Amino acid sequence: TISLGSVSTLANDLADPDYVWRTQRSVRTVLGFVARNIAQIALHPFTLEADGDRARLDRTAELARVLRSPSPGSTAFRHMQTLVTDLGLWDRYAELKVRDTTGRIGLHRLPPRQWVFRRDSLDTPTHIEYSPSGVGAVQTIPLDNCVWIDGYPHPDNLRTSPMEALQDLLLEQTESAEYRAELWANGGRWSAWVERPLDSPPWSKTARTNFRNALIDGFTGGGARAGGFPILEEGMQLHEATGITPEQAQQIESRKLSIS
């Protein structure tokens, strides 16, 4: 059996984009595929002409250089891949414009878990509140100092994420994977009930409780012998209960997220 406390803790973890990216292969497969494919598209800078037309900037232009190498040790591909991933996980993105000692401008990503937009009455972002450690002193960053992308404005400026919409589905998938791991490790597992002969001597309340706890603690989900077969006393019979088959549970359909 699975305690409600453990399910609640797992559900909270699955609302955390960092935890989802680290543990959920389906999300990582889909989002990683999208991010890599968008990142391989080259970006070209243009300037607006007086007549409304646009002209492509030379490679020596500052903007062209920033797009090729946004920050030390980073490439245009990695920069765009990170941007798309942050938008997919957090629905927002921001990077700080920093000028180094040589006067060259670079872009430095702000981890989304460390900041939030602050908004006016029309939900328009006014500035960023940034806390490097997540707690303690908060720094105010003007939007003019950043390159930023705002997703759907959330009430109270909460750090809500699109991953919360997948929370139930990911929780079901995680529990299903744990069940199958026990199944393959220990053999068949099914719902059943135990019958004692009518002429068996009466059980004391303590004996009945001990027998029940031994079955639950040892052979149900999370038990030391989950998926195994209990050894019954003489005359006892194990009857299979009518349960839900993998076909009825649409187990294959529930896995489509992993390969879509």
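Numbering starts at 1 and runs along the sequence shown. What you are looking at is a predicted structure, and each value in this text was computed from that prediction instead of being measured.
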Engineer: Can we say R92 and D86 salt-bridge, meaning some charged N sits less than 4.0 Å from an Asp/Glu carboxylate O?
Structural biologist: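 D86 and R92: not salt-bridged.
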
Engineer: Quick one: are R65 and R59 in side-chain contact, heavy atoms under 4.5 Å?
Structural biologist: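 No. Closest side-chain heavy atoms not under 4.5 Å.
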
Engineer: What closest approach, in Å, do C146 and L96 show between heavy atoms, and which atom pair accounts for it?
Structural biologist: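 Closest pair (atom of C146, atom of L96, distance): SG-CD1, 3.9 Å.
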
Engineer: What are the two closest non-hydrogen atoms of R28 and R22, and how far apart are they?
Structural biologist: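 Scanning both residues completely, I find the closest heavy atoms to be NH1-CA, 4.1 Å.
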
Engineer: Applying the 4.5 Å side-chain criterion to the ILVMFWY set and letting contacts propagate, would W115 and I149 be lumped into a single cluster?
Structural biologist: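 Not linked; separate clusters.
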
Engineer: Report the distance from atom CZ of R113 to atom OG of S131, rounding to the nearest 0.5 Å.
Structural biologist: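 One gets 11.5 Å once the value is rounded to the nearest 0.5 Å.
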
Engineer: Determine the minimum heavy-atom distance between G235 and P197, stating which atoms define it.
Structural biologist: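 Looking at all heavy atoms of both residues, the shortest contact is O-CG, 3.1 Å.
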
Engineer: Is there a path of hydrophobic side-chain contacts, each under 4.5 Å between heavy atoms, that joins I105 and W148?
Structural biologist: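 Per the 4.5 Å side-chain linkage, I105 and W148 are not co-clustered.
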
Engineer: Between the side chain of N37 and the main-chain N/O of F33, is any donor-acceptor distance below 3.5 Å?
Structural biologist: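 Yes; judged by distance alone, with no hydrogens or angles, the pair exists.
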
Engineer: Show your reasoning for whether side chain to side chain contact (heavy atoms under 4.5 Å, CB included) applies to Q81 and R36.
Structural biologist: CA-CA 6 Å; Q81 183 185 29; R36 288 191 301 273; 3.3 Å; yes

Engineer: If you count heavy atoms of other groups shown closer than 6.0 angstrom to CZ of R104, is the number above 12?
Structural biologist: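 Atom CZ in R104 is not packed in, count stays at 12 or less.
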
Engineer: Counting N and O atoms only, with roles assigned by atom type, does the side chain of T124 sit under 3.5 Å from a partner on the main chain of D120, one being a donor and the other an acceptor?
Structural biologist: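 Side chain of T124 to backbone of D120, a donor-acceptor pair under 3.5 Å: no, none is there.
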
Engineer: Taking all atoms of both residues into account, what is the closest heavy-atom pair of S71 and L107, and its distance?
Structural biologist: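 For S71 and L107, the tightest heavy-atom pair comes out as CB-O, 3.1 Å.
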
Engineer: Using the rule side-chain contact (heavy atoms from CB on, under 4.5 Å), only one of L87, L89, V20 pairs with L31; which is it?
Structural biologist: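 Exactly one candidate clears the test, L89.
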
Engineer: Just do the side chain to side chain contact (heavy atoms under 4.5 Å, CB included) check on L57 and L63 with the steps written out, would you?
Structural biologist: CA-CA 8 Å; L57 292 176; L63 179 56; 4.3 Å; yes

Engineer: Y93 vs H79 aromatic rings, parallel, tilted or perpendicular, using cut-offs 30° and 60°?
Structural biologist: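 If you compare the ring of Y93 with that of H79, the planes turn out perpendicular.
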
Engineer: Ignoring hydrogens and geometry, is there a side-chain-to-backbone donor-acceptor pair from S74 to P70 under 3.5 Å?
Structural biologist: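 No, because the side chain of S74 does not come within donor-acceptor range (under 3.5 Å) of the backbone of P70.
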
Engineer: At their closest point, which heavy atom of D58 faces which heavy atom of A64, and how far apart are they?
Structural biologist: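 Minimum heavy-atom contact is O-CB, 3.5 Å.
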
Engineer: What about V98 and I141, same hydrophobic cluster or not, with Ile/Leu/Val/Met/Phe/Trp/Tyr joined at side-chain heavy-atom distances under 4.5 Å?
Structural biologist: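 Shared cluster, yes.
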
Engineer: Distance from T29 atom OG1 to Q24 atom CD, nearest 0.5 Å?
Structural biologist: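 Output value for this atom pair is 10.5 Å.
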
Engineer: V30, V84: one ILVMFWY side-chain cluster at the under-4.5 Å cut-off?
Structural biologist: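 V30 and V84: separate clusters.
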
Engineer: Do E95 and L110 have side chains that get closer than 4.5 Å, going by heavy atoms?
Structural biologist: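 No, too far: nothing below the 4.5 Å cut-off.
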
Engineer: Is any side-chain N of the basic residue among D150 and R119 closer than 4.0 Å to the acidic one's carboxylate O?
Structural biologist: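 Looking at D150 and R119, the cut-off is met.
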
Engineer: Any side-chain heavy atom of F211 within less than 4.5 Å of one from T206?
Structural biologist: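 No. Closest side-chain heavy atoms not under 4.5 Å.
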
Engineer: Any chance you could measure L198, atom CG, to E195, atom CD, to the nearest 0.5 Å?
Structural biologist: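 Between L198 CG and E195 CD, I get 7.0 Å after rounding to 0.5 Å.
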
Engineer: Is it true that E129 and R118 have a side-chain N and a carboxylate O under 4.0 angstrom from each other?
Structural biologist: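 Yes.
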
Engineer: Quick one: does R78's side chain get under 4.5 Å of T82's, heavy atoms only?
Structural biologist: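 In short, these two side chains touch, coming nearer than 4.5 Å.
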
Engineer: Any donor-acceptor pair under 3.5 Å linking the side chain of K97 with the backbone of H108?
Structural biologist: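 It does not hold such a pair.
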
Engineer: Compare all side-chain heavy atoms of I128 with those of F117 and state whether any distance is below 4.5 angstrom.
Structural biologist: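 Yes. Closest side-chain heavy atoms under 4.5 Å.
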
Engineer: I need the minimum non-hydrogen distance between D100 and T102, along with the two atoms involved.
Structural biologist: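 Looks like OD1-OG1, 2.7 Å.
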
Engineer: Using side-chain heavy atoms (C-beta onward) and a distance below 4.5 Å, is P132 in contact with Y130?
Structural biologist: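 Yes - at least one pair of side-chain heavy atoms lies under 4.5 Å apart.
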
Engineer: How long is the span from the CZ atom in R109 to the CG atom in L83, to the nearest 0.5 Å?
Structural biologist: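 Those atoms lie 10.0 Å apart.
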
Engineer: Among the clusters formed by ILVMFWY side chains lying less than 4.5 Å apart, do F77 and M80 turn up in the same one?
Structural biologist: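 Per the 4.5 Å side-chain linkage, F77 and M80 are not co-clustered.
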
Engineer: I need the N145 CG to H127 NE2 distance, nearest 0.5 Å.
Structural biologist: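 So the gap between those two atoms works out to 12.5 Å.
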
